[in-house]
Every structure is written in C-alpha cells, then in structure tokens.
Protein chains: 2
Amino acid sequence: MRGITLRIGELASQAGVSVRALRYYEEQGLLTAERSASGQRVYPDNAVEQVKLIQNLYAAGLASRAIEPIMPCVRTGEVTPELLDRLMAERARIEERIGGLVETRDKLDAIILVVAESLHEGRPCPRD
Amino acid sequence: MRGITLRIGELASQAGVSVRALRYYEEQGLLTAERSASGQRVYPDNAVEQVKLIQNLYAAGLASRAIEPIMPCVRTGEVTPELLDRLMAERARIEERIGGLVETRDKLDAIILVVAESLHEGRPCPRD
DNA sequence: CTTGCCTCTGACGTCAACGTCAGGTTTTAG
DNA sequence: CTAAAACCTGACGTTGACGTCAGAGGCAAG
C-alpha cells in the first residue's frame, strides 16, 4: 500500500533543506518519521510536501510553537473547533503578509521602472 | 517647506514598532535621522512609510545587510546599474515568497473548508 | 523648581532556527 | 571484506533582530 519511502538525506535534498533542519522539525513535533530496524528515519514521499509547507509557514512568520498544533491536522484531516479558529487566524496573518509583500514588490517596481527609463533616456535622476 | 516632524516615540507608535527597533535600524544604516540641538532624533513624517517598508523587506526574508544598500535609493531615487540588478533579484525573491504564501493560504483554505463542511453536516472527518 | 515622562548612549541578555563537531553505527559500492 | 558515504545521538556554537537594564540628561506642567 505504501509508495516510495525516503531516507533523511534524500528528503532533505528533495525538499531543499538541510538534514539538520529535518531533525529539528522532528524535535519540535512538526514532522514524524518511522524508524527502520536499525533506527534510521524513514519518510513517506509526501513528506516532501509537508516540509515545504513547514518552510512556507516559517516564511509566513509563524514559529514552531504555532506550526506544531496545525501539522497533525494536515496529516489526518481532523480538526477541533478550537484549532479551526487558529487556522483562520493564521490564514488572516498570511493574507496580511501577502498584502505587505505585494506592496513592497510594487514599490520596488516603481523604483526599477523610473531608473530603467532614466537610464534609457540618459537623464540624470528624475525626482519631484 | 517641511511638514510635521516626529520624535522617536511618536514614530515608533505610528509605525507599529518599538523605539529600540528604530535605533537598531539607524545603527544598521537603514534609517537616518536629524538631531535636535540637544541630540534627540527628529524624523520627517514620511519616515513612517520607510519604517513600514523596512518591516516588509524583513518579512520578505531580507536581512539588514541586504536592505541597507537599497534604502538610500528609496529616499533619493538614485540607483547605480549594479544596484538595479540587486533590486530585480530581490524583487524576484519577493515574488517567490508571495507564491509560497499563496500556496500556503490555499492549503489552509482547503483544510478549513473541509472541516467547516464536516462540522456543518455532522460527519466525523472525511478523508481519502 | 521639581515631578514625571521622554530621550540619550552603552552594554549585556534572549530566542528561534538552525550549523557544526564528536564519537559511534549502518548501509552501500567495489 | 573493506572503505567511503550516510546515518545516529548528544551537545555546544552562531546569527539576527531586537529586549532590557543602568545611569544621565532634556522638556512641558503645575
């Protein structure tokens, strides 16, 4: 029933993180792993997606403490109404951050455009 | 010719950061301030926007070292072609991060929707 | 003029997300 | 069979973005 399984180094390279990071995630309760007879970690292939999600949640400004309660539900699909509130709260935070980043990108675009034009037309540097 | 000026505490509360953070930004060369006769920092009102931009750049995953060279150009509008490359590179990073966050938001949405439905219809927890 | 709040400059403390090293076992390639 | 490569568990080190405390000076109000 099981698809391909991965060892920690393979998962690390496929997910674009370090081996150390994966052990850290496990330590923080973000990522679970089976163990082989000799004690080596064995991951299902969908762990790649889970790791990427963790990275994205970090990028969204969440800390491990905030990610930990929501990862089990990503795996099992079970959510308490209490957790649902948290999910929606985090969703809102992410939306906020997306808005800020879009703003920032547009600001950079404005600068880039002005400069590109002034370079193109040989003008010194238009302002005001 | 100058509009309203702000003291550090006022700027901090208007920009939603701490006083310590503002001093830190100055230390890192991200934010410049005039000084009153007695040595107190005096900011123009547009410093509020600059601080928010700094926060957004932090949220985009940039470090102070990466923000420092681009802030002067935000103020003056002057950009070297070398800096233009950096701006475009950072812009690309920001776009990437926006993409990741949108993905993450959608993933959360999927979970929220499924749970909301199952709660609504009294089902245990649909999966597979 | 003093009381209370704001500001200043150091300087040390903190916390999260890893990096890195030590010392040992396991797996794989030849 | 053996050597290299990957893995294991501690455990200490690092870095960035501030927090916090100490000690001193500035400024509007009564």
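All chains are named by letter (A, B, ...) in the order of the sequence lines, taking the proteins before the strands, and each is independently numbered beginning at 1. Heavy atoms only: backbone and side chains are in, while hydrogens, waters and symmetry mates are out.
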E96(B): side chain to side chain contact (heavy atoms under 4.5 Å, CB included) partners, not counting sequence neighbours: none
Integer-rounded Å distance: dC12(C) C1' and R23(B) CZ: 16 Å
Atom-to-atom span, CZ of R35(A) to P of dC8(D) - whole angstrom: 6 Å
Separation of dC8(C) P from E27(B) CD (nearest whole Å): 13 Å
Side-chain donor-acceptor pairs under 3.5 Å in residues 45-54 of chain A, sequence neighbours left out?
| from | atom 1 | to | atom 2 | distance (Å) |
| --- | --- | --- | --- | --- |
| E49(A) | OE1 | K107(B) | NZ | 3.3 |

Close side-chain approach of L57(B) to I70(B), heavy-atom, < 4.5 Å: yes
Sequence neighbours excluded - ring pair (Phe, Tyr, Trp, His ring centres under 6.0 Å) pairs with any residue from residues 68-116 of chain A: none
Rounded distance in Å - CD (E10(A)) to C1' (dA6(D)): 10 Å
Residue-level proximity of residues 94-101 of chain B to DNA chain C when a heavy atom falls under 4.0 Å: none
Flag if over 12 foreign heavy atoms under 6.0 Å of CD, E82(A): no
Partners passing side chain to side chain donor-acceptor pair (under 3.5 Å) against S13(B) (at least two apart in sequence or in another chain): none
Atom pair distance, as rounded to whole Å: CG in L6(B) and P in dC6(C): 15 Å
Ring pair (Phe, Tyr, Trp, His ring centres under 6.0 Å) contacts touching residues 47-104 of chain B (sequence neighbours left out): Y25(B)-Y58(B)
Footprint string (nucleotides 13-24 of chain C, 5' to 3'): B base within contact, S backbone only, - free, heavy atoms under 4.0 Å: ---SBBBB----
Euclidean distance, atom CD1 of residue I8(A) to atom C1' of dC8(D) [Å, nearest integer]: 9 Å
Under 3.5 Å, which N/O atoms of the protein pair with N/O atoms of nucleotides 27-30 of chain C?
| from | atom 1 | to | atom 2 | distance (Å) |
| --- | --- | --- | --- | --- |
| dT27(C) | OP1 | S38(A) | OG | 2.8 |

Set of residues satisfying side chain to side chain donor-acceptor pair (under 3.5 Å) with respect to R105(B), sequence neighbours excluded: E95(A)
Run the side-chain donor-acceptor check on residues 32-42 of chain B: report pairs under 3.5 Å with partners two or more places apart or on a different chain.
| from | atom 1 | to | atom 2 | distance (Å) |
| --- | --- | --- | --- | --- |
| R35(B) | NH1 | G39(B) | O | 2.8 |
| R35(B) | NH2 | E26(B) | OE2 | 3.1 |
| S36(B) | OG | S38(B) | N | 3.3 |
| S36(B) | OG | S38(B) | OG | 3.1 |
| S36(B) | OG | Q40(B) | N | 3.1 |
| R41(B) | NE | E26(B) | OE1 | 2.6 |

Nearest-Å distance for atom pair CD/P, residues E26(B) and dC18(D): 15 Å
Listed once per pair and sorted, the ring pair (Phe, Tyr, Trp, His ring centres under 6.0 Å) pairs that draw on residues 69-96 of chain A, sequence neighbours left out: none
Pairs touching residues 80-100 of chain A that satisfy ring pair (Phe, Tyr, Trp, His ring centres under 6.0 Å), sequence neighbours left out: none
